[in-house]
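One-based numbering, in listed order, for ligands and for the atoms of each. Note that the coordinates shown come from a computational prediction; the quantities given were computed from them, not determined experimentally. All values below were derived from every heavy atom in this structure, side-chain atoms included, with hydrogens, water molecules and symmetry-related copies excluded.
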Amino acid sequence: MNASLFERFERSISDPTRTVISTPAGGTLSYGDLIAMSGRLANVLTARGVKPGDRVAVQVEKSVPALVLYLATVQAGAVYLPLNTAYTLAELEYFIGDAEPCLIACDPRKREGIEQLSARASAAVETLDAAGQGTLMDAAATAPDAFETVQRAGDDLAAILYTSGTTGRSKGAMLSHDNLVSNALTLKDFWRFTADDVLIHALPIYHTHGLFVATNVTLFSGASMIFLPKFDAEEILGLMPCATALMGVPTFYVRLLQHSGLTRELTSRMRLFVSGSAPLLAETHREWSARTGHAILERYGMTETNMNTSNPYDGDRVPGAVGLPLPGVSARITNPDTGELLPINEIGMIEVKGPNVFKGYWRMPEKTAAEFRPDGYFITGDLGKVDERGYVHILGRSKDLVITGGFNVYPKEIEDEIDAIPGVFESAVIGIPHDDFGEGVTAVVVRSKSATVDADTILSVLDGRLAKFKLPKRVLFVDDLPRNAMGKVQKNVLREQFANLYVTTP
Ligand code: AMP
């Protein structure tokens, strides 16, 4: 049997006339249209020399043809390699050199620069712009619809996604057809997706959240999605009466809450709000429930593993927790140094295992070996704990752990306390080099609108609630925390910005 994701998706379609994608401009695409467009693009790819196993690198703006290019690549048996649209030519040089793609699809504005890079890599270059126009679609216009999906084993690669990598070189996570299909089917069942669902799709499609979670769950459910080029709070509020589900990063929810139009009535047809890719503040969770009557469902995943845990569909969606391991996925907490299993409620490394977990890092066998335990568990790099009910709680990336005077300080614990103080909107706790302590616990705080809370007030609330060694040495105020496109706070940027805070001038 052909285990290609494309083949399995196509076989799951029960009614090719149903709409799969609609756009605000009024365009619609049926499942049948989608298969035909994919076939045309797959024919173009093969005509350009793309063979099974070859990488197809794609750095284009979000558009319907860009999404179909993902399916066409997989249908042609090749490996889809999406790249963040923010990467510069200098950054692309690394990815192209590392992945050695056979074909690169890019925005027409970058064509010239990419052609120079690709000359060395001997890759074909095609264009696709934000409107879905360019040489790829020109060629597809005259290509036949029919394309026999290339035979793939479940273990063959469907995609390589580079990790965002704030330290060192970005690593290419190799994802197989089985990795992607198993996670899509698990999430579809767990989140009760059916053909009646209409998902608001406002995430980028170069990242696992928008590309795999949102798209694959929709496709394998026979559902449809309203495909938006980017997040726009007002547009999304306007669409809620005709949709049933939204998948977003926490920033989406924070921004939507700023609009008075967000009400119970407006969201009465919606059945599911999913959040992930960065921690959702418990406060945002509570405010959302109060305003809409819906409890946001928070889940936890990463590029390397697809989704690992999710709050339940029925049952408690616990603010600040990322839920239970998904069916078929095992999660455990270990001592980061020894790998020894830790008991309930103890903080350690989150390790996961299951059909969702990637095959390793592209051309980095040592890095791959270092991040797997001998019994197959992947060491996520996230610190967390499992409570008595089995819910997983994340306390941050292990590289963000603060070690002060020999003690471990888990930023999330301090951030939760600070965030609960009236007048605080949000905070980030970081470690900054300090002569006496190694690292000084430092709180970077964003005040709520027109609040005047100061450092002394924050420190006096924390004193008595937290052990002395966990108390921030300094509390700094900023207007906004630096975030990446997925809403993750970039603590490395803050560490750099305040690197000299504790430097004592001689
Ligand atoms: P990425 O590979 O870009 O998807 O980033 C994955 C990382 O995002 C994880 O290793 C976590 O550190 C973080 N992350 C994802 N989902 C959540 C969540 N619900 N809460 C807290 N952190 C999360």
(request) Could you pull out the closest heavy-atom pair between V60 and A105, with the gap in Å? (result) CG1-O, 3.7 Å
(message) Is the distance between the ring centroids of Y70 and F212 under 6.0 Å?
(response) yes
(request) List the closest protein heavy-atom neighbour of atom 13 (C) of ligand 1: residue, atom name, distance to the nearest 0.1 Å. (result) S277 O, 3.9 Å
(request) Name the closest protein heavy atom to atom 6 (C) of ligand 1, giving the residue it belongs to and the distance to 0.1 Å. (result) M302 CB, 3.4 Å
(request) Would you confirm whether T368, through its side chain, and M364, through its main-chain N or O, come within 3.5 Å as a donor-acceptor pair? (result) yes
(message) Whether the side chain of N484 engages the backbone of Q490 through a donor-acceptor N/O pair (distance < 3.5 Å, no angle test) should be reported.
(response) no
(request) Mind listing the closest non-hydrogen atom pair of E346 and K385 along with its distance? (result) O-CB, 3.5 Å
(request) Decide whether the shortest distance between a heavy atom of D382 and an atom of ligand 1 is less than 4.0 Å. (result) yes
(message) Under a 4.0 angstrom heavy-atom cut-off, which atoms of ligand 1 come close to V322?
(response) 18 (C), 19 (N), 20 (N)
(message) Suppose we call two aromatic rings close when their centres sit under 6.0 Å apart. Are F378 and F358 close by that rule?
(response) yes
(request) Report yes if R397 has an N/O atom closer than 3.5 Å to an N/O atom of ligand 1; otherwise report no. (result) yes
Please set out all donor-acceptor pairs under 3.5 angstrom arising from side-chain atoms of residues 271-281, sequence neighbours excluded.
| residue | atom | partner | partner atom | Å |
| --- | --- | --- | --- | --- |
| R271 | NE | D197 | OD1 | 2.8 |
| R271 | NE | D197 | OD2 | 3.4 |
| R271 | NH1 | W191 | O | 2.9 |
| R271 | NH1 | Y313 | OH | 3.0 |
| R271 | NH2 | W191 | O | 3.2 |
| R271 | NH2 | R192 | O | 3.1 |
| R271 | NH2 | D197 | OD1 | 3.3 |
| R271 | NH2 | D197 | OD2 | 2.8 |
| S277 | OG | H209 | ND1 | 3.0 |

(request) Could you find the nearest protein heavy atom to atom 15 (C) of ligand 1 and give me its residue, atom name and distance? (result) G301 O, 3.3 Å
(message) Quick test of your reading of the model: are D98 and K171 salt-bridged, counting only N-O distances below 4.0 Å?
(response) no
(request) Of all the heavy-atom pairs spanning M307 and V329, show the shortest one and how long it is. (result) O-CG2, 4.4 Å
(message) For atom 19 (N) of ligand 1, what's the nearest protein heavy-atom neighbour? Residue, atom name and distance, please.
(response) R299 O, 2.8 Å
(request) May I ask you to identify the nearest protein heavy atom to atom 8 (O) of ligand 1, giving residue, atom name and distance to one decimal place in Å? (result) K488 NZ, 3.0 Å
(message) Tell me the protein heavy atom at minimum distance from atom 4 (O) of ligand 1, and give that distance in Å.
(response) H207 NE2, 3.1 Å
(request) Please verify whether a non-hydrogen atom of H209 lies at under 4.0 Å from ligand 1. (result) no
(message) Check for me whether T380 has a heavy atom closer than 4.0 Å to any atom of ligand 1.
(response) no
(message) Distance under 4.0 Å to a non-hydrogen atom of I394: what atoms of ligand 1 satisfy this?
(response) 20 (N), 21 (C), 22 (N)
(message) So for E298, does at least one of its heavy atoms come nearer than 4.0 angstrom to any atom of ligand 1?
(response) yes
(request) Kindly confirm or rule out a cation-pi arrangement of K367 over Y361, judged by NZ or CZ under 6.0 Å from the six-membered ring centre and within 45° of its axis? (result) no
(message) Looking only at protein heavy atoms, which one is nearest to atom 2 (O) of ligand 1, and what is the separation?
(response) T303 OG1, 2.6 Å
(request) With heavy atoms under 4.0 Å as the rule, classify the contact between A278 and ligand 1 as side chain, backbone, both or neither. (result) backbone
